[in-house]
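In what follows, a structure is listed as structure tokens, so that the remarks can point back to it.
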2 protein chains.
Amino acid sequence: MTGRTKGHHMKAEELRLLRFLAHGGAERTPVDITSREVGEHLEVSQQAADRYLVQLSKQGLIARSLGARKQRLTLTPAGVEVLRKEFHAYRRVFEGPARLGFSGQVASGLGEGRYYLSQPGYIVQFQERLGYTPFPGTLNIRVDPKELLRIDGLRDWEGIRIDGFQASGRTFGGASCYGGRINGRPCHLIRPDRSHYQDVVELIASECLRESLGVHDGDTVSVEMEES
Amino acid sequence: MTGRTKGHHMKAEELRLLRFLAHGGAERTPVDITSREVGEHLEVSQQAADRYLVQLSKQGLIARSLGARKQRLTLTPAGVEVLRKEFHAYRRVFEGPARLGFSGQVASGLGEGRYYLSQPGYIVQFQERLGYTPFPGTLNIRVDPKELLRIDGLRDWEGIRIDGFQASGRTFGGASCYGGRINGRPCHLIRPDRSHYQDVVELIASECLRESLGVHDGDTVSVEMEES
DNA sequence: ATTACTAATCGCCGAGTAA
DNA sequence: TTTACTCGGCGATTAGTAA
């Protein structure tokens with residue numbers, strides 16, 4: 001369920017194996033196959049194929065149940081997500097940067113945004129990777145639940161990675177940022193790895209968006225995301 | 001121009017590099033970049049990045065011209081094809097098998113088909129990989145030149161590989177086969193690596209298609225290709 | 001049959017450095 | 001500055017084989 005947070009990239013064979021399983025329908029229906037057959041398809045030894053299967057399983061990308069005769073493989077949601085991201089990366093190449101527009105109502109958060117955005121561990125990363133230090137506070141937008149699935153397509157975008165860290169004895173989680181505009185003004189949508197909201201998206205910008213846009217709770221705003 | 005005939009697969013980093021270059025527009029416009037920058041993006045050393053560039057260049061997937069300051073990189077058509085094939089493989093996963101229909105007129109070939117299809121070097125491969133021994137003769141279909149670009153999309157499909165070989169002192173080239181139906185009857189479209197025709201596609205089947213379909217030169221036939 | 005461990009080999013990565 | 005060579009080290013692969 002949680003995205004591939006770690007930045008260590010997959011090796012080509014593991015990716016091809018994942019794709020092979022998806023091709024065989026392992027997203028929906030378990031696929032019965034031996035490590036030998038996997039090896040034949042990938043043109044590697046049975047031993048290597050088996051290691052790949054073990055690795056993918058460890059990474060939570062496939063689920064294995066070993067029978068005496070064959071093993072039964074299923075892609076996990078995380079495995080599917082890896083493939084969808086790859087797909088999207090290629091689509092980006094051939095079809096240009098994706099766009100995603102939606103609108104929603106300004107909402108009050110729980111004041112967490114301010115707390116998180118004040119953490120130096122985050123600030124240095126924002127400065128480094130977004131090119132600015134965000135105003136300490138997120139603008140929360142409540143969107144129509146029907147739109148959520150579409151907005152969730154952002155998961156496939158490359159995004160700008162903000163890594164989690166430890167500080168003062170607690171853990172701060174990672175997040176991904178996506179560039180866009182709200183009512184024409186540049187901002188980033190920030191999606192924490194472990195999101196707490198369902199129908200709320202959080203935006204950050206260098207200034208206080210509430211002020212610079214002159215909006216209040218309940219006001220409708222329109223957001224235009226564009227992939228870099 | 002010639003497709004990646006060799007079956008030795010690319011490593012993940014080379015593929016990512018190729019995609020990175022395409023992302024930077026190297027398909028159309030040369031990209032100026034140093035091996036250090038490439039390494040940073042791929043998160044490998046400058047030396048490794050350089051090796052990848054050399055490899056890709058050797059494989060004819062990119063063109064390099066070294067300046068004193070940066071190198072100028074362009075994707076070759078072969079490089080673009082590699083990426084397009086990857087793209088298509090993922091699309092196949094998420095959007096199901098592609099279909100491609102076209103129609104054309106039965107045409108006479110030069111009798112080469114019979115000669116090639118009689119070569120034992122090909123026959124064993126057909127039997128092994130297509131599951132039948134083709135009737136020794138291709139059915140040639142002349143198609144509307146306007147359709148050619150669309151039909152050329154077949155290049156992205158996975159296809160069934162027939163390898164080239166040497167026999168009696170000469171070289172026989174490789175080809176790719178794609179499954180489909182002509183007027184409802186199963187057949188394979190065969191696309192030699194070095195194609196001699198422009199607006200003609202060649203079909204093979206276990207029986208003589210001319211007979212079993214009861215068609216003659218000039219008759220219009222319709223072909224339905226479906227990806228496996 | 002399978003999966004998967006061990007041992008030996010292979011090949012790749014990156015540091016140092018030449019050009 | 002670049003690109004790109006050599007080489008030591010180590011991770012990955014395969015053959016053999018145990019379970």
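Chain naming here is simple, since letters A, B, ... match the order of the sequence lines and numbering starts at 1 in each.
Residues Phe94(A) and His23(B) keep their aromatic ring centres 6.0 Å or farther apart.
Distances shorter than 4.0 Å separate some side-chain N or O of Lys11(B) from OP1 or OP2 on dC13(C).
Here the side chains of Thr171(B) and Phe165(B) are not in contact, with every heavy-atom distance at 4.5 Å or above.
With the 3.5 Å cutoff on both pairing distances, Watson-Crick and G-U pairs in DNA chain C assemble into runs of at least 3 at C:2-19 with D:2-19.
Taking the six-membered ring where the residue is Trp, Trp157(B) and Tyr178(B) present perpendicular rings, their angle passing 60° and hence far from 30°.
Every residue two or more places apart in sequence or in another chain that forms a side chain to side chain contact (heavy atoms under 4.5 Å, CB included) with Pro186(B) is listed here: Arg181(B). Residues satisfying the side chain to side chain contact (heavy atoms under 4.5 Å, CB included) test with Glu112(A), not counting sequence neighbours, are Leu110(A), Tyr116(A), His196(A), Tyr197(A). Partners of Ser195(A) according to the side-chain hydrogen bond (donor to acceptor under 3.5 Å, both in side chains) rule, which considers only residues two or more places apart in sequence or in another chain, do not exist here.
One interatomic measurement links the two molecules: CD of Glu37(A) to C1' of dT2(C), which rounds to 11 Å at whole-angstrom precision. When rounded to the nearest whole Å, the span between CE of Met10(B) and P of dC12(C) equals 13 Å. One atom, NZ of Lys70(A), and another, P of dT3(C), lie 10 Å apart when rounded to the nearest Å. The interatomic distance linking Arg72(A) (CZ) with dA1(C) (P) rounds to 21 Å, in whole Å.
DNA chain D lies under 4.0 Å from at least one heavy atom of each of the following residues of residues 45-55 of chain B: Gln46(B), Gln47(B), Asp50(B), Val54(B).
In summary, the side chains of Gln71(A) and Arg64(A) do present a donor paired with an acceptor at a separation below 3.5 Å, with no hydrogens or angles considered. In this model, no donor atom of one side chain and acceptor atom of the other lie less than 3.5 Å apart for His88(A) and Glu158(A). For the residue pair His9(A) / Glu13(B), no side-chain donor-acceptor distance below 3.5 Å is found, with atom types taken as modelled.
The side chain of Leu66(A) approaches dA4(C) more closely than any other nucleotide in the set dG14(C), dA1(C), dA4(C).
In the 5' to 3' direction, nucleotides of DNA chain D lying under 4.0 Å from heavy atoms of chain B begin and end at dT2(D) to dC5(D).
The backbone N or O of Ala63(B) sits nowhere less than 3.5 Å from a side-chain atom of Ser57(B) that would complete a donor-acceptor pair.
A cation-pi contact, defined as under 6.0 Å to the ring centre and within 45° of the axis, is absent between Arg92(A) and Tyr90(A).
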